[in-house]
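Take a look at the structure set out below.
Chain identifiers are assigned alphabetically (A, B, ...) following the order of the sequence lines, protein sequences preceding nucleic acid strands; residue numbering begins at 1 within each chain. Here the structure is a predicted model, which means the values were calculated and not measured.
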Amino acid sequence: MSQLTITLPDGSTQNVASGATPLEIARSISERLAEIALVAVVNGKLTDLTEPLNEDASIRILTPNDEEALEVYRHSTAHLLAAAVLELYPETKLGIGPPIENGFYYDFDRPQPFTPEDLEKIEARMAEIQARNVPFVRTLALKEEALQRYQKQGDWMKCELVEDRGGERVSEYTLGPGFSDFCRGPHLPNTSHIKAFKLLSIAGAYWKGDEKNKVLQRIYGTAFFKPKELRAHLERLEEAKRRDHRKLGKELDLFSIQEAAGPGLIFFHPKGGTVRLLLENWMRDQYLARGYSLVYTPHVARSGLWKTSGHYDFYGENMFKRMELDDAEYQLKPMNCPFHILIYKDRQHSYRELPVRLGELGTVYRYERSGTMHGLLRVRGFTQDDAHIFCTPQQAEQEVVSCLEFAMDTLKAFGFTQYKAELSTWDGGKSGKYDGTPEQWEIAESALRNAVARVGLEAKVMEDEAAFYGPKIDMKLVDAIGRLWQLSTVQFDFTLARRFELEYIGEDGRAHQPLMVHRALFGSVERFFGILVEHYAGAFPLWLAPVQVTILPITDRQIGYSHGLSERLKKLGIRVTVDDRNEKVNFKIREAQVQKIPYMLVVGDREEEAGNVSVRHRRRGDLGVQSFDDFVASIQPLIAAHDTAD
RNA sequence: GCCGGCGUAGCUCAGCUGGUAGAGCAUCUGAUUUGUAAUCAGAGGGUCGGGGGUUCGAAUCCCUUCGCCGGCUCCA
């Protein structure tokens with residue numbers, strides 16, 4: 001029998017007989033390691049511990065201390081879920097069950113829907129199987145043989161999977177006598193290693209993610225190496241629910257969605273309106289400071305305009321229905337681009353005046369399908385901080401750099417430090433699905449690439465993910481429970497420039513087509529607002545807080561003094577309220593805390609006599625007595641600096 | 001749009017297998033004049049999302065419609 005040389009992570013080597021398994025190697029290192037080993041990495045590839053080795057290899061044994069093993073762990077837990085479901089409901093057909101971020105799911109086909117009670121039963125059965133200490137066993141079968149078997153059992157999804165993915169021989173994993181699943185693996189050695197899992201929800205999901213296909217029942221769950229980690233994760237989910245912008249939006253009286261008006265249409269209440277005004281003012285100031293011109297355009301236009309832009313034919317499904325007026329049919333705008341283009345086209349432009357940057361907080365309306373709306377994050381009417389830049393090819397890179405800097409400054413200004421950037425490129429023209437010339441794509445993509453490098457942004461390149469009209473960079477933020485939402489975007493648009501025959505007169509005296517960059521940084525004011533609420537958990541920084549200071553008189557003797565202070569603060573532009581209700585100060589403080597008002601000024605006889613205020617901060621608590629002037633002097637710089645620390 | 005769940009007072013929710021609606025908070029009134037997270041008492045308030053049906057009788061059952069939630073799909 002031949003000898004293999006095995007290299008371990010510390011660089012040491014070991015000679016073993018061909019056919020030895022990673023588990024045996026683990027045991028040779030220590031019995032303890034073999035006990036807790038979950039899976040091996042053999043020559044960089046995750047492999048079952050029981051898979052015999054037949055060539056020289058460098059191997060690492062992964063244990064619950066290795067994050068990398070978590071995917072395998074969750075994948076095995078998904079199999080455990082499927083095994084439990086089959087024991088309880090043998091008529092069920094299996095789909096797929098992969099690990100995902102923070103957990104796993106498994107898709108099932110079954111005539112009756114699963115109920116929440118079923119979920120409990122299934123979870124209990126999973127625990128039973130887990131306790132039986134059942135091994136995950138890999139077997140290989142001929143493709144034909146496996147197909148026949150699945151056909152006979154009516155496992156139609158497995159048949160399709162084997163057809164799609166299986167090689168000559170297909171690998172399957174059994175878990176006990178009654179469970180076998182077509183699966184590439186790897187898996188844990190046995191169920192005893194699965195220590196902490198929980199089933200979370202049931203949802204519908206299309207087979208292979210295609211809405212033309214059958215809807216399956218998906219069970220979501222999560223699993224961690226340790227019960228403590230599982231508890232921490234479930235707690236995070238609870239915390240996320242507490243900071244959900246829809247919940248906080250109601251509690252803090254920021255906004256509402258009115259059934260009488262329709263879904264996906266947002267009503268900003270006075271407090272939300274204050275925050276929104278501040279966001280918009282901040283952005284408009286930035287526009288002006290960064291060389292943009294502000295424009296205003298209508299909300300509707302003749303359908304002819306949308307035909308020219310192409311939206312009528314290609315985006316019609318997503319537009320509000322046409323309305324007839326005396327002379328023509330009109331449609332609500334789903335985008336601002338054609339309007340800005342009309343302004344650009346209203347006169348001739350020389351290369352000398354480019355770039356032209358037209359910006360607007362433009363409200364657009366899109367018909368989103370009924371099941372897709374989500375609070376402020378996905379709506380039917382929203383306001384984009386939208387701008388279009390018309391520039392020469394030579395200017396493109398610098399313009400993109402400026403946009404990216406603007407975008408990063410924007411996110412930073414609101415305290416966002418974590419976001420993902422994606423650079424979406426075309427397919428080189430292979431499919432013919434992209435508009436624009438290869439030269440245009442080259443100029444635009446290299447402008448984006450160079451710009452990303454120049455501003456030091458980490459952008460993941462997404463090949464063949466561009467919009468059909470041009471390449472783009474998107475920046476995405478996570479909401480309270482980790483869902484990603486696109487905010488900032490910088491996109492080239494070759495199509496509209498061509499359709500509207502945009503021109504500028506170049507140095508050579510001839511007409512040229514400008515490059516057009518479409519960009520939005522908040523993305524939508526509504527979405528940004530929603531993410532912001534979750535980011536701050538409703539406790540807006542001082543400069544953004546709808547109410548910055550509330551004055552709490554202890555008895556009604558101080559009501560006059562309180563209103564006097566209030567007037568002085570108002571004159572300084574500070575948003576202030578006086579809680580002059582006939583309530584105890586404890587009660588007033590509690591309400592102010594719940595409303596997350598940054599500063600509470602408690603005033604009683606002592607304060608009034610000395611012209612002082614007793615300052616309480618929503619997070620730091622009682623800050624003691626200060627003169628009114630000192631208090632003002634302490635908060636004014638924070639407001640002016642748009643300080644985001646709390 | 002699709003699958004599943006849900007819709008009861010301003011808010012959060014209770015109301016078992018059908019017998020004709022309840023709590024806490026909020027609101028209003030009165031008392032209390034209070035020192036850093038809920039003072040006490042009383043009162044008012046609901047076509048049980050809308051429409052239709054079954055039944056002697058429906059918040060409870062059925063149909064339909066609107067909306068919300070979790071996902072899927074979609075997201076120029």
Would you measure the distance from the [atom1] atom in [N] across to the matching atom in [M] and give it in whole Å?
| N | M | atom1 | answer |
| --- | --- | --- | --- |
| B:G53 | B:G18 | C1' | 15 Å |
| B:C16 | B:C2 | P | 31 Å |
| B:A21 | B:G15 | C1' | 8 Å |
| B:G46 | B:A9 | P | 11 Å |
| B:U64 | B:G5 | P | 14 Å |
| B:C48 | B:C61 | P | 15 Å |
| B:U39 | B:G35 | C1' | 15 Å |
| B:G70 | B:U33 | P | 49 Å |

Residue [X], side-chain heavy atoms: nucleotide from [options] that is nearest:
| X | options | value |
| --- | --- | --- |
| A:Ser614 | B:U36, B:C72, B:U34 | B:U36 |
| A:Lys584 | B:G4, B:U39, B:A37 | B:U39 |
| A:Lys250 | B:C72, B:U36, B:U12 | B:U12 |
| A:Thr555 | B:C68, B:U34, B:G70 | B:U34 |
| A:Val594 | B:U73, B:C69, B:A37 | B:A37 |
| A:Asp622 | B:U39, B:U36, B:C75 | B:U36 |
| A:Ser201 | B:C74, B:A37, B:G70 | B:G70 |
| A:Arg581 | B:G35, B:U27, B:C69 | B:U27 |

(request) Name the residue closer to the 5' end of RNA chain B, choosing between A:Arg557 and A:Val215 according to the nucleotide with the nearest heavy atom. (result)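 Closer to the 5' end of RNA chain B: A:Val215.
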(message) Both A:Arg366 and A:Ile257 contact RNA chain B. Which one's nearest nucleotide lies toward the 5' end?
(response)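 Counting from the 5' end, the first nearest nucleotide belongs to A:Ile257.
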Looking across every strand, which nucleic acid part, if any, lies under 4.0 Å from [X] by heavy atom: base, sugar-phosphate, or nothing?
| X | result |
| --- | --- |
| A:His311 | base |
| A:Tyr469 | base |
| A:Arg218 | sugar-phosphate |
| A:Phe114 | nothing |
| A:Gly262 | nothing |
| A:Asp605 | base |
| A:Ala205 | sugar-phosphate |
| A:Glu583 | base |
| A:Glu607 | base |
| A:Val602 | base |

Paired with [N] by Watson-Crick or G-U wobble geometry, both distances under 3.5 Å: which nucleotide is it?
| N | value |
| --- | --- |
| B:G18 | none |
| B:U27 | B:A43 |
| B:C2 | B:G71 |
| B:A59 | none |
| B:G7 | B:C66 |

Do [X] and [Y] pair up side chain to side chain, a donor and an acceptor below 3.5 Å, judged on atom types alone?
| X | Y | value |
| --- | --- | --- |
| A:Trp306 | A:Asp313 | no |
| A:Arg616 | A:Gln593 | yes |
| A:Asp580 | A:His563 | yes |
| A:Tyr434 | A:Asp464 | yes |

(message) What's the separation between atom NE2 in A:His75 and atom CG in A:Leu80, rounded to the nearest 0.5 Å?
(response)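 Atom-to-atom, A:His75:NE2 and A:Leu80:CG are 12.0 Å apart.
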(message) Whole angstroms only, please: what is the CD-P distance between A:Glu608 and B:U33?
(response)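 Taking CD of A:Glu608 and P of B:U33, I get 18 Å after rounding.
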(message) Just the rounded figure in Å: distance from C1' of B:G35 to CZ of A:Arg616.
(response)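 One finds 12 Å between C1' of B:G35 and CZ of A:Arg616, rounded.
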(message) Counting only side-chain nitrogens and oxygens, does A:His617 get under 4.0 Å of the OP1 or OP2 atom of B:U36?
(response)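 A:His617 to B:U36 OP1/OP2: no side-chain N or O under 4.0 Å.
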(message) Any side-chain N or O of A:Tyr206 below 4.0 angstrom from OP1/OP2 of B:G71?
(response)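 Indeed not, no polar side-chain atom of A:Tyr206 lies that close.
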Do [X] and [N] share a donor-acceptor pair, side chain to base, under 3.5 Å?
| X | N | answer |
| --- | --- | --- |
| A:Arg618 | B:A37 | no |
| A:Arg590 | B:U36 | no |
| A:Arg378 | B:C74 | yes |
| A:Asp556 | B:U33 | yes |

(request) Taking the six-membered ring for Trp and the full ring for Phe, Tyr or His, determine whether the centres of A:Phe494 and A:Trp441 are under 6.0 Å apart. (result)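 Yes; A:Trp441 has its ring centre under 6.0 Å from that of A:Phe494.
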(message) In terms of relative ring orientation, are A:Tyr315 and A:His311 parallel, tilted or perpendicular, with 30° and 60° separating the classes?
(response)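 It falls in the perpendicular class, over 60°.
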(message) Checking the side chain of A:Arg246 only, and the main-chain atoms of A:Gly375 only, is there a donor and an acceptor separated by less than 3.5 Å?
(response)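 Not at all, since once roles are kept as given, no pair shorter than 3.5 Å links the two residues.
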(message) A quick test of your reading: do over 12 heavy atoms of other residues, nucleotides or ligands sit less than 6.0 Å from CZ of A:Arg619?
(response)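 Yes, because the 6.0 Å sphere around CZ of A:Arg619 holds more than 12 heavy atoms from other groups.
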